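Fair warning: this is a prediction, and the values are worked out from it, not measured in the lab.
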Amino acid sequence: MLVATLGEISALLGEPRFNWSDPAPWTALERELGLEFPPDFREIVDAYGSIEVNQQLYLCHPAGHLLHSLGESIRGDLELWRDEDMAEFLPGPVGAGPGELMPVATATTGEAIFLRVPDEPASPWRVVVQEFDSPAWTLYEMTFGDWLLAYLRGRDVTLCARNRAPDGPSYEFLP
């Protein structure tokens, strides 16, 4: 299985302009949640920061000084998805334990993007996308970087960029 590189993502999305290098916000968030995020997810978010991709997909960085912080987003989403009325729309519980789902991104079109915590430490992380307006969800047997690359290439990974980015993928910093 080919793992997407930041270079492949940058070639489609444009050069990253955030380029964060201090691990402290990640360390604090990972300690709070009880997990270590996959390296590809961290690398992408460190490169781009808190952004909106194709006026559709929201990615957030854990730096506390940002208005759109990954930690704040995750805390709110964990509370939402732990509600029994919402939990039925997912293939498993949210949280940091093996097989659980960690909410990491959202979309203006109503989807929620989760990283599925591996069952075993050596197993790969996977992506689950839930369609907020229906009980439908899809497990993608790919890393976050591979999923994002497929999205940027216009493939249907529940989110689809084709109609959202007629001139090619783009991003803007979140305010």
Side-chain angles (χ1 to χ4, degrees), residues 25-38 40-42 44-45 48-121 123-152 154-165 171-175:
W26 287 106
T27 303
L29 181 58
E30 290 172 341
R31 189 177 307 121
E32 175 188 338
L33 297 173
L35 64 73
E36 285 186 32
F37 287 98
D40 69 322
F41 178 74
R42 282 181 61 154
I44 293 162
V45 173
Y48 285 97
S50 293
I51 59 172
E52 181 182 34
V53 180
N54 298 333
Q55 299 178 345
Q56 180 180 32
L57 175 64
Y58 294 111
L59 297 178
C60 294
H61 190 276
H65 72 280
L66 298 172
L67 180 61
H68 296 275
S69 164
L70 181 61
E72 291 298 317
S73 173
I74 287 175
R75 284 191 272 304
D77 287 345
L78 284 172
E79 186 176 325
L80 170 77
W81 290 105
R82 283 182 174 140
D83 182 275
E84 66 182 66
D85 291 336
M86 298 302 293
E88 68 182 274
F89 295 108
L90 294 175
V94 294
E100 293 183 334
L101 305 172
M102 182 58 62
V104 295
T106 59
T108 59
T109 45
E111 296 83 2
I113 296 85
F114 299 83
L115 293 177
R116 185 182 180 282
V117 181
D119 293 319
E120 304 289 329
S123 297
W125 288 76
R126 296 297 180 226
V127 175
V128 171
V129 181
Q130 197 283 332
E131 296 179 54
F132 199 70
D133 58 351
S134 76
W137 55 267
T138 306
L139 170 66
Y140 292 94
E141 295 288 338
M142 55 180 68
T143 65
F144 180 81
D146 288 333
W147 179 87
L148 182 60
L149 190 60
Y151 166 75
L152 294 173
R155 298 200 180 111
D156 185 354
V157 285
T158 307
L159 285 176
C160 189
R162 274 186 298 246
N163 300 333
R164 310 281 306 175
Y171 74 96
E172 296 292 330
F173 285 112
L174 292 173

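How far CD of Glu72 is from OG of Ser50: 11.5 Å, rounded to the nearest 0.5 Å. Here the CD atom belonging to Glu100 is positioned 15.0 Å from the CH2 atom belonging to Trp81, to the nearest 0.5 angstrom. Atom NE2 of residue His61 and atom CD1 of residue Ile44 lie 12.0 Å apart, to the nearest 0.5 angstrom. Separating the OG1 atom in Thr143 from the CG atom in Leu148 is a distance of 9.5 Å, to the nearest 0.5 Å. The structure places CG of Leu59 at 9.0 Å from CG of Leu70, a figure rounded to the nearest 0.5 Å. How far CG of Leu149 is from CE of Met142: 9.5 Å, rounded to the nearest 0.5 Å.
Put simply, the side chain of Val45 reaches to within 4.5 Å of the side chain of Pro62, judged on heavy atoms. Considering only heavy atoms from C-beta on, Leu101 stays 4.5 Å or farther from Val117 through its side chain. In this structure, Leu159 and Gln56 have side chains that are in contact, with non-hydrogen atoms separated by less than 4.5 Å. Between Arg126 and Leu139, the closest side-chain pair of non-hydrogen atoms falls below 4.5 Å. Side chains of Ile51 and Glu172 form no contact here, defined as non-hydrogen atoms less than 4.5 Å apart. Proximity of Gln130 to Leu90: side-chain heavy atoms (C-beta onward) are separated by under 4.5 Å at one or more points. Using a 4.5 Å heavy-atom cutoff, the side chains of Thr106 and Asp77 are in contact. Looking at heavy atoms from C-beta onward, Leu67 lies out of side-chain contact with Leu174 at the 4.5 angstrom threshold.
The backbone N or O of Pro118 sits nowhere less than 3.5 Å from a side-chain atom of Ser123 that would complete a donor-acceptor pair.
Across Pro91 and Trp137, no two heavy atoms sit closer than the pair CB-CZ2, 3.2 Å. Closest heavy-atom contact between Leu57 and Ala105: CD1-CB, 4.1 Å.
Residues that satisfy the side-chain hydrogen bond (donor to acceptor under 3.5 Å, both in side chains) test with Glu111, not counting sequence neighbours, are Thr109. For Arg82, the salt bridge (Lys or Arg N to Asp or Glu O under 4.0 Å) test picks out no residue, with sequence neighbours left out. Residues meeting the ring-ring contact (aromatic ring centres under 6.0 Å, His included) test with Phe37, sequence neighbours left out: Trp26, Phe41.
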Practice item. Kindly determine whether Met102 and Leu35 satisfy side chain to side chain contact (heavy atoms under 4.5 Å, CB included), including the steps that lead there. Key: CA-CA 10 Å; Met102 182 58 62; Leu35 64 73; 3.4 Å; yes

Side chain to side chain contact (heavy atoms under 4.5 Å, CB included) between Tyr140 and Thr158, worked out:
CA-CA 10 Å; Tyr140 292 94; Thr158 307; 2.6 Å; yes

Item to complete: Check the pair Leu78, Leu33 against side chain to side chain contact (heavy atoms under 4.5 Å, CB included), reporting the backbone distance first and the verdict last.
Response: CA-CA 10 Å; Leu78 284 172; Leu33 297 173; 4.1 Å; yes

Between Thr27 and Glu36, does the side chain to side chain contact (heavy atoms under 4.5 Å, CB included) criterion hold? Intermediate values first, please.
CA-CA 8 Å; Thr27 303; Glu36 285 186 32; over 6 Å; no

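Neither side chain, Thr108 nor Tyr58, offers a donor N or O lying under 3.5 Å from an acceptor on the other. If you check the side chains of Tyr151 and Asp156, you find no donor sitting under 3.5 Å from an acceptor.
Between Phe173 and Tyr171, the ring-plane angle classifies as perpendicular under the 30° and 60° cut-offs.
Using a 4.0 Å cut-off between charged nitrogen and carboxylate oxygen, Glu30 and Arg42 count as a salt-bridge pair.
Just one of Val157, Val129, Val128 meets the side chain to side chain contact (heavy atoms under 4.5 Å, CB included) condition when paired with Ile113; it is Val129.
Atom CD of Glu32 is surrounded by more than 12 heavy atoms from other residues, nucleotides or ligands within 6.0 Å.
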